[in-house]
2 protein chains.
Amino acid sequence: MARTAEEVAAELRGRIQRAELRAGDRLPTMTGLVEEHGVSRQTVREALNLLKREGLVEYRGGRSGTTVRERPVTRLVRSRGMERDHLGYYSGANVQHWRLVPGTRTTVTTEPVPGDIADLLGIEAGTPVIARKRLNGDPENELHRQLTDSWLHPAAVEALPVLAGDSGLGGIYDRIEEWAEQPIVWEEGVTAVTPSPAEAGALLLPSGVPLLRVIRTSTVKIDGRPLVVEANDIRMSAELFSVRYPITRRGAARWPVQPASADFYTN
Amino acid sequence: MARTAEEVAAELRGRIQRAELRAGDRLPTMTGLVEEHGVSRQTVREALNLLKREGLVEYRGGRSGTTVRERPVTRLVRSRGMERDHLGYYSGANVQHWRLVPGTRTTVTTEPVPGDIADLLGIEAGTPVIARKRLNGDPENELHRQLTDSWLHPAAVEALPVLAGDSGLGGIYDRIEEWAEQPIVWEEGVTAVTPSPAEAGALLLPSGVPLLRVIRTSTVKIDGRPLVVEANDIRMSAELFSVRYPITRRGAARWPVQPASADFYTN
DNA sequence: CAGTGGTCTAGACCACAAC
DNA sequence: TTGTGGTCTAGACCACTGA
């Protein structure tokens with residue numbers, strides 16, 4: 001006989017993990033659980049809350065009760081690399097050109113730059129900066145659910161006014177390389193955060209699922225000094241996605257070095 | 001006058017964000033909040049719960065009440081790359097040889113391999129596999145707080161029995177390269193999960209902070225086929241860490257390609 | 001419109017750290 | 001010893017959905 005919310009949750013978690021309850025199945029009703037475990041309604045509610053935060057169950061309202069949530073079996077692996085897509089634009093490997101993806105909304109604004117992005121750009125936090133924000137919450141295709149904020153360095157926009165326009169994202173890297181007369185050096189930093197309510201809503205995340213945050217910087221040398229031209233802040237469900245990178249090796253190898261696995265750009 | 005738990009939480013969140021309450025400061029007591037907002041104790045408790053899950057406040061028990069939590073201002077950036085450390089072993093760039101880090105506990109066991117690791121190794125889930133698990137929860141140094149599980153492919157252990165021993169992790173990559181007569185190809189996949197209670201305890205994580213999960217595979221070609229010799233599952237606080245990678249470029253560049261930024265291995 | 005879960009109130013007992 | 005938050009009970013009202 002379970003007495004605490006955690007015990008009730010553990011019991012239900014077990015039933016789900018042992019597949020006695022499968023995706024889409026209804027859980028016992030709250031009143032049922034109250035009688036079954038001899039605890040109060042609040043306690044049962046707390047237990048269900050834990051499971052909801054873990055993304056194990058969901059409640060869509062109304063009479064159909066709480067059901068076991070459909071969970072992705074494996075994560076979609078995104079291999080991170082840059083190449084030209086089929087339209088000739090630079091883009092992340094294996095990502096379609098976003099302008100063609102249904103449900104994409106892009107807004108271009110000028111707003112104070114948040115602290116972490118400011119650090120990357122090497123400017124002061126709060127400086128007004130051009131931001132190109134893209135939301136993709138396409139309910140039909142979870143591959144397309146991501147948020148992307150692109151922050152441009154003011155010096156780059158000054159030198160290259162075309163960046164300020166909504167000229168399509170793909171082209172900006174070519175414009176930058178032409179301007180700098182050198183290839184861009186890209187780097188990505190990956191971390192995770194708990195989503196804000198707005199992010200959770202836009203990406204259709206259940207509460208409790210962390211948000212994977214990938215920040216890509218594009219750097220060129222101007223007058224001999226590195227300039228971070230753009231910081232690109234990408235957020236996606238950590239439950240849905242994993243991002244993949246080849247590891248670089250420093251120092252001489254004793255054997256001839258092979259390229260990264262052949263399928264790196266193809267899945 | 002706030003009426004719901006979310007509203008009470010939002011009001012307190014605001015005070016913290018506006019720095020009216022700073023790290024270490026005591027929040028009003030629950031009874032104080034009950035009177036201040038005209039809500040019940042349960043509602044206040046729910047509000048404090050939200051803030052705790054966000055990692056904004058903490059309660060250490062006893063009479064000192066709920067306090068504003070000290071939050072890391074910026075994340076520690078870990079540049080991911082492989083090099084030989086000062087002892088001559090392969091290791092992640094800028095990571096000391098772990099055997100020298102105080103508080104490290106390593107256990108070597110044989111146990112059923114979990115599904116996601118099995119997929120990477122290309123073997124069946126549940127197969128008994130040698131696992132080398134390292135826990136580092138050093139309370140003194142947050143740089144050292146991480147969990148590492150190393151799973152070895154059975155075929156590799158069979159061909160190279162030395163891998164089964166507790167021979168120190170650093171050396172295994174050299175042994176593998178000598179065996180395969182080729183350099184290892186490393187790749188890392190990054191995602192995030194909500195920590196299990198055990199992980200949260202070991203890493204001193206407050207509830208609600210996601211766990212960054214980095215899985216590195218070491219691959220060599222044996223008889224012309226790629227073999228994933230080891231899968232290395234590293235977990236660390238997403239609030240404390242960010243991992244950094246250079247981005248590879250596919251296709252011809254119009255300008256001479258520079259190496260990744262100079263400090264890539266040095267911070 | 002019946003039954004679901006969501007949320008709040010009110011009151012009680014407990015463990016714990018600091019005084 | 002005292003005051004803190006942690007947790008449970010019991011009862012009430014609400015919004016929503018699907019039969």
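Labels below follow one simple rule: chain letters A, B, ... track the order of the sequence lines, proteins then strands, and each chain is numbered from 1.
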Audit row: A:Ser237, A:Glu239, side-chain hydrogen bond (donor to acceptor under 3.5 Å, both in side chains) steps and yes/no: CA-CA 5 Å; A:Ser237 160; A:Glu239 191 185 45; 4.7 Å; no

Does B:Arg26 make a side-chain donor-acceptor contact with the base of D:dT4, cut-off 3.5 Å?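 Not at all, since no donor on one side and acceptor on the other fall under 3.5 Å apart.
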
base_contact_polar (C:dT4 base, A:Arg60 side chain, donor-acceptor, <3.5 Å):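 Check fails, no donor-acceptor contact within cut-off.
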
What's the shortest heavy-atom distance between A:Gln146 and A:Thr148, and which atoms?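 In terms of heavy atoms, the two residues are closest at NE2-OG1, 3.3 Å.
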
Between [N] ([atom2]) and [X] ([atom1]): distance, integer Å:
X	N	atom1	atom2	value
B:Leu51	D:dG6	CG	P	12 Å
A:Arg63	C:dC1	CZ	P	13 Å
A:Arg53	C:dG5	CZ	C1'	16 Å
B:Glu7	C:dT7	CD	C1'	12 Å
A:Tyr59	C:dG3	OH	C1'	9 Å
A:Glu35	D:dT9	CD	C1'	15 Å
A:Met30	C:dT7	CE	P	10 Å
B:Leu12	D:dG5	CG	P	12 Å

Could you work out which one of [options] sits closest to the side chain of [X]?
X	options	answer
A:Ala5	C:dG6, D:dC8, D:dT9	D:dC8
A:Arg41	C:dC8, C:dG6, D:dG5	C:dG6
B:Thr66	D:dT17, D:dG5, D:dC8	D:dG5
B:Thr29	D:dG5, C:dC8, C:dG6	D:dG5

Quick check for you: to the nearest 0.5 Å, what is the distance between A:Leu12 atom CG and A:Leu33 atom CG?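 Here the interatomic distance stands at 5.5 Å.
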
5′-ward residue of the pair A:Gln42/A:Gly61 relative to DNA chain C: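 Checking each residue's closest nucleotide, the 5'-ward one belongs to A:Gly61.
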
Below the 4.0 Å mark, does [N] have OP1 or OP2 next to a side-chain nitrogen or oxygen of [X]?
X	N	value
A:Arg45	C:dG5	no
B:Lys52	D:dG6	yes
B:Thr43	C:dT7	no

Earlier contact from the 5' end, DNA chain D, for A:Ser64 and A:Val44: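 It is A:Val44 whose nearest nucleotide is closer to the 5' end.
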
Can you work out whether B:Gly65 or B:Asn49 has the more 5'-proximal nearest nucleotide on DNA chain D?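 With B:Gly65 and B:Asn49 compared, the 5'-side residue is B:Gly65.
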
Less than 4.0 Å between a side-chain N and a carboxylate O, is that true for A:Glu188 and B:Arg244?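 Judged by the 4.0 Å cut-off on N to carboxylate O distance, B:Arg244 and A:Glu188 do not form a salt bridge.
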
Would A:Thr66 and A:Glu58 count as a side chain to side chain contact (heavy atoms under 4.5 Å, CB included) here? Give the steps. CA-CA 6 Å; A:Thr66 304; A:Glu58 65 188 342; over 6 Å; no

